[in-house]
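Every chain is numbered from 1 and lettered A, B, ... according to where its sequence line falls, protein lines coming before strand lines.
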Amino acid sequence: MTRILKIGFIFAFVAVVAIGLSAASKQAQQQAEDTTVVQLEAPDVHPVPDTDYWSLVFVFLLSTFIGVGVVARVSRLLHTPLMSLTNAISAIAVVGSIIVTGSDFPEDIRILGAIALFASVTNIVSGFLITDRMLKMFKATRKEVEQP
Amino acid sequence: MTRILKIGFIFAFVAVVAIGLSAASKQAQQQAEDTTVVQLEAPDVHPVPDTDYWSLVFVFLLSTFIGVGVVARVSRLLHTPLMSLTNAISAIAVVGSIIVTGSDFPEDIRILGAIALFASVTNIVSGFLITDRMLKMFKATRKEVEQP
Amino acid sequence: MTDFIQLAYLVATALFIFSLHWMNNPKTARKSVYAGVLAMTLAVAATWSRPDVVHHLWIIGAIAVGFIVGVPLSRVALTAVPQRTALSHAFGGLAAGLVGVAKFYLWTSEGPEQLTTFRVSAIVAEVLLGFLTFTGSLMAAGKLQELKWIPQRPVTYPGQNVVNIGLLLTALGLGVWLVLNPTGPASGLLFPAIIVMSLAFGVLLIIPIGGADMPTVISILNSYAGLSAVAMGFVLDNSLLITAGALDGSSGLILSIIMCRAMNRSFVNVLFGAFGKVQAAKAGGEAKVYKEETIEGAAQILEQASSVVIIPGYGMAVAQAQHRTRELYDQLTKRGISVKFAIHPVAGRMPGHMNVLLSEADIPYTDQIGMDDINPDMHQCDVAIVIGANDVVNPAARYDKSTPIFGMPIIDADKAKTVFAIKRSKNPGFAGIDNELYFADRTFMLFGDAKAVVGDLVKQLSGAQSGH
Amino acid sequence: MTDFIQLAYLVATALFIFSLHWMNNPKTARKSVYAGVLAMTLAVAATWSRPDVVHHLWIIGAIAVGFIVGVPLSRVALTAVPQRTALSHAFGGLAAGLVGVAKFYLWTSEGPEQLTTFRVSAIVAEVLLGFLTFTGSLMAAGKLQELKWIPQRPVTYPGQNVVNIGLLLTALGLGVWLVLNPTGPASGLLFPAIIVMSLAFGVLLIIPIGGADMPTVISILNSYAGLSAVAMGFVLDNSLLITAGALDGSSGLILSIIMCRAMNRSFVNVLFGAFGKVQAAKAGGEAKVYKEETIEGAAQILEQASSVVIIPGYGMAVAQAQHRTRELYDQLTKRGISVKFAIHPVAGRMPGHMNVLLSEADIPYTDQIGMDDINPDMHQCDVAIVIGANDVVNPAARYDKSTPIFGMPIIDADKAKTVFAIKRSKNPGFAGIDNELYFADRTFMLFGDAKAVVGDLVKQLSGAQSGH
Ligand SMILES: NC(=O)c1ccc[n+]([C@@H]2O[C@H](COP(=O)([O-])OP(=O)(O)OC[C@H]3O[C@@H](n4cnc5c(N)ncnc54)[C@H](OP(=O)(O)O)[C@@H]3O)[C@@H](O)[C@H]2O)c1
Ligand SMILES: NC(=O)c1ccc[n+]([C@@H]2O[C@H](COP(=O)([O-])OP(=O)(O)OC[C@H]3O[C@@H](n4cnc5c(N)ncnc54)[C@H](OP(=O)(O)O)[C@@H]3O)[C@@H](O)[C@H]2O)c1
């Protein structure tokens, strides 16, 4: 019975929080009439599209959970190759570099992009190659036992 | 050396794929002039905001990875409570139910919402309560050994 | 949506993930419920606070009714947990389906441009999954509750699979049509047709499946309920719904995979195999010779043992014998005998069934050992007591390719020095095959209801002790 | 962006996750690289195919230069892996920073309404993290490469931490100002100021940290490089960048946590503790008495052993003695002696350092046992051979609260029946403290360079055998 009371209490609490949040959000809405709430119901006529940044934040949260879960299970044997592998993966910045280098932007901006692209590709190439080189060394059994 | 060739080959392949995709995407863009690519650079004047559905798909992919990773590690002892816990969690449909019930929609639509809300709350309440009831039973050691 | 609400959803998402994560250990499991309740509370509060949510009385009313129904539903006997779970999936499917319907008509009335391809696809998925989960789970709950007007035995007829799959494909086809012409003249008819077909498919899907296969089916329906919440998330552009739904979906998927693997069967076999029926035919085999043992004799042997393994099965659940089993455990441990429970992944009728019952009877989970961990030690066990288990200790699974359980991993009860098997009759178990363990040299039967037999054993042991 | 591109990004995301997942077992690890290369190829191809990417020659040129530099960078000696990794982080930080700068000036020139609060915040984060990673990692690489013009020893001065943290806070404050007034009159000045401060902070952060602490610092910088990719994802509205960046970020974080735990130190201590310097002062302790053993004697004792555990450390890496060690392993296993390697999590100078070296020398990873798995068996070990390890076998870690390694888990070499310790001198190891293991009754020193000493042992053993 106490549990029912507890849960009932929680839901009463919900109502209070709801009212508070409601007031807060109504105020926030008034402050920024052209935010996404309105966008959902009415056409957005603001010139700059509002990035749906909350989705991106969700993606970040979820990826971090995955990253921690997956990396924590990487074999202790492979921590050195892991460092160079993630190194190569973080060179995904290549995506941004290609856009900046290849788009029809002013030349000084594209030069920045080209340097970034060079740096990223260097990381990709050297990161994957050296990881592979190290991983090739790990063997479960000896091939042949040479005489010294 | 063969590895360098291999990687070189892969990047040549990239270029080919890139050209193909580029053609395809240009065509797709012509077909739907008002898609997001344009939105990024120019204001969107279409009345219905295009849901950023790719972000949602990303969220789905990542959540599934997390779900599989986390559930696979749930203790075998707790598979029955797990079923009722996920049951309660899937009652997150309560979010949609509240929106449909509480918004200023035609009454027949809100009735659908109210039924959905009732169903969801039932699941939340019974799901969490029964999970807790079961989990309370799991003990590492006996409190007292009663005489039969 | 304002940032406040999104932040609340973000926190709720993280809490749901932690909730499932903490289930990896009985020590932290209680935290799971708190995290889940907190997350749900946040989600409800945040949604309620939306400025466009104005009919508060309706919401309070529906929540109140939900509480009134939900609280008693949480107090069912533990044996009724499977049907409660099924009923709950039905509710979940219904909620998802109804929200989909509401959104469809809402957007229709607001104008054709609201029904984008993406939204209509998501609604069709939501409605299809939601309503088939609804009727399918209701049927499953009915079968498990052994309602009279729902046939327990699988109902099959020639061409059944063709009919079922045809129906599903038709519904899907209509869905695609609706996606392509969301505002076409036929859409007013198409949408209800999809709903009806989905409802019908749910019923037809379950009819050919025997009551005993329901646990696996429930898990699959669990997955569908989760996926319909995901679809709702796509409809409402809401990441929290997608994540929570995906967590539920993967949980159902993994549990059904675990069950199928532990039974050495495939999904297809469960859904379309009409397993129970085929086996029922096999049930009547030639009667071989069992050796019986008296309660007194069994008690004596038990007193001599130094290590006892108890292997519970579905029969212990049916007889509600867990409390008597606890008393047996007490009597034996009091004598300094080491007592462990050997738990097969699919002993009973749902995953973890035995663990919940034994824990209910206050048997510490540290003495409930999983199959893989206890098998290597079975040859050192003096007495194995099989309480209402059958298939999970059937050695035929190891070599007899003709049996339906061939290849299923079993608990090696036959390696123990002595085996006592408690069951009521010479009837086979769920898979409908004879169990040669019962004819083995070192096996002695204790026929009778599990609760009565174990009770007698306890009385004998406690009498013997007081007589000392 | 078109659906094609997004689909490619989605697949790439999944592949990156699988890539890290497969690293959980050396058997599947090779697949990791293939999945990673495929994912990266997809990402590059999809991005290149964007209709707004038109300057193909520029891209091809930059990629070509990247290959020309990248391929040789991947062929460095394994001992140079730490500095290569650091250099690579520098490149990653630079790329992120430059893209942030480019995007800022682009949006500035397109008009003030492009610089939304969210975008400017993301750009500031990207630029701050990117450039501090750039200079910080360059410094770290320089220290590890032992470049002459970068001081190896920590450079400290009073109030250093105040200066560093003050600089960081100022840069952050300017960032907040820029976010609030992205197009204000000062913004043309603010943005370059943030860049310069970030570059300076990277240098100042590393100066007070000793060369030997670099591995932990590199891991933290790894995290920062990942986070700057995440920030770029926010700037470009790209989920793939966010996921890949977050994977990298968590990997760096976890590796640095593992290192800190295995050294029983905290992040703060590593970053602001100037560890190496304090210890250097302690180095000169009073000389106790060591027992030495001859190569002949050691070989004789080894021949009598039935189980040998080899404990490699930084000294084996410095001496490049892994191949000789493999020959020793061959000589012993040929005699039917069981030989295992005991690997401490922070033996050497980076996580997994010993495993890579031993695997390079063709020693199967199944014989490379982690600390936690081998310690329970150490008391059954006849001979433990410590090759250039010191802190990781120092029993003082168990009880001496005054030592910097107190509380750090160690390999229980002192439990073996006999210990041979190979090192060049009586100098202490990284932590700068005496090791009482070397004075123990059952320990015998074999002074000399690891490669030479192990080589002599091998020669002695093979000679003894041919003399049989
Ligand atoms: N756990 C799951 O998730 C799950 C899901 C789907 C299917 N299954 C299937 O269910 C089976 C479970 O195996 P199991 O060994 O636990 O059970 P079982 O093979 O069904 O055997 C149960 C035994 O208990 C006896 N019994 C029934 N009521 C009893 C009572 N009141 N007192 C004493 N004995 C009683 C029965 O014999 P009498 O009639 O002679 O008494 C029967 O032999 C497996 O085949 C498994 O594949 C399990
Ligand atoms: N692995 C990581 O990730 C990491 C990261 C940061 C810090 N650390 C720290 O690094 C240390 C690692 O411990 P460790 O036991 O591997 O190494 P250590 O404590 O640094 O000791 C290395 C020993 O090897 C000897 N040595 C050096 N060169 C040699 C040669 N050419 N031939 C033979 N012996 C040689 C040295 O003695 P002589 O000078 O007398 O020859 C020294 O005593 C720990 O303190 C750890 O906290 C590790």
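- With respect to chain D, the highest number of heavy-atom pairs below 4.5 Å among A:I99, A:D108, A:T64 belongs to A:I99.
- Heavy-atom distances place no part of A:L62 under 4.5 Å from chain D, backbone and side chain included.
- Within the 3.5 Å criterion, the main-chain N or O of A:L77 finds a donor-acceptor partner in the side chain of A:S75.
- Only the side chain of A:V94 comes within less than 4.5 Å of a heavy atom of chain D; its backbone N, CA, C and O stay farther away.
- Proximity of the aromatic rings of D:F18 and D:W22 is defined here by a centroid distance below 6.0 angstrom, and this criterion is met.
- Heavy-atom pairs under 4.5 Å with chain D were tallied for A:N87, A:I109, A:L78; the largest tally goes to A:N87.
- In this structure a side-chain-to-backbone donor-acceptor pair under 3.5 Å is present from A:N123 to D:S88.
- The backbone N or O of D:V458 lies less than 3.5 Å from no partner atom in the side chain of D:R324, so there is not a single donor-acceptor pair.
- For the atom pair D:R30 CZ and A:F138 CZ, the distance stands at 12.0 Å (nearest 0.5 Å).
- Contacts between A:P106 and chain D at a heavy-atom distance below 4.5 Å involve the side chain alone, from C-beta outward.
- Taking the side chain as every heavy atom from C-beta outward, D:K103 and D:L236 approach each other to under 4.5 Å.
- Put simply, the side chain of D:S19 never gets that close to the backbone of D:L15: no donor and acceptor are under 3.5 Å apart.
- Only the side chain of D:M232 comes within less than 4.5 Å of a heavy atom in chain A; its backbone stays farther off.
- For D:A229, the part sitting under 4.5 Å from any heavy atom of chain A is the side chain, from C-beta outward, and nothing else.
- Of the listed residues (D:V356, D:V101, D:L73, D:L253), the one with the most heavy-atom contacts under 4.5 Å to chain A is D:V356.
- Looking at A:V100, the atoms closer than 4.5 Å to chain D (heavy atoms on both sides) all sit in the side chain, from C-beta outward.
- With a 4.5 Å cut-off on side-chain heavy atoms, A:M137 and D:L78 count as touching.
- Only the side chain of D:L227 comes within contact range of chain A, with at least one heavy atom under 4.5 Å from a heavy atom of that chain.
- With a 4.5 angstrom heavy-atom cutoff, D:V65 touches chain A via backbone and side-chain atoms both.
- Ranking A:V68, A:V57, A:L82, A:T80 against chain D, the residue ahead of the rest is A:T80, based on heavy-atom pairs under 4.5 Å.
- Of the atoms belonging to A:A88, it is backbone heavy atoms, and not side-chain ones, that fall under 4.5 Å from chain D.
- With chain A as the partner, the residue from D:H323, D:Q368, D:H89 showing the most heavy-atom pairs under 4.5 Å is D:H89.
- Contacts between D:L106 and chain A at a heavy-atom distance below 4.5 Å involve backbone atoms as well as side-chain atoms.
- In this structure, the portion of D:I218 lying under 4.5 Å from any heavy atom of chain A is its side chain and not its backbone.
- In this structure, chain D has a heavy atom under 4.5 Å from the side chain of A:L85, while its backbone stays farther away.
- If you measure heavy-atom distances from D:V76 to chain A, the contacts under 4.5 Å come from both the backbone and the side chain.
- Your options are A:G127, A:A119, A:P81, and the one with the most heavy-atom pairs under 4.5 Å with chain D is A:A119.
- No donor-acceptor distance shorter than 3.5 angstrom exists from the side chain of D:S251 to the backbone of D:L247, with no hydrogens or angles considered.
- In terms of heavy atoms, D:H353 sits closest to D:R349 at ND1-N, 3.0 Å.
- Of the listed residues (D:V54, D:N25, D:L94), the one with the most heavy-atom contacts under 4.5 Å to chain A is D:V54.
- Per-residue heavy-atom pair counts under 4.5 Å with chain D were compared for A:I66, A:I98, A:T131, and the maximum is reached by A:I98.
- Between D:F118 and A:Y53, the angle of the ring planes stays under 30°, which puts this pair in the parallel group of the 30/60° scheme.
- For the pair D:R326 and D:D330, the salt-bridge criterion is met [side-chain N within less than 4.0 Å of a carboxylate O].
- For the pair A:S84 and D:R84, the tightest heavy-atom approach, listed with the atom from each and the gap, is CB-NH2, 3.6 Å.
- Of the residues considered (A:T101, A:I111, A:I89, A:I115), A:I89 shows the highest number of contacts with chain D, using heavy-atom pairs under 4.5 Å.
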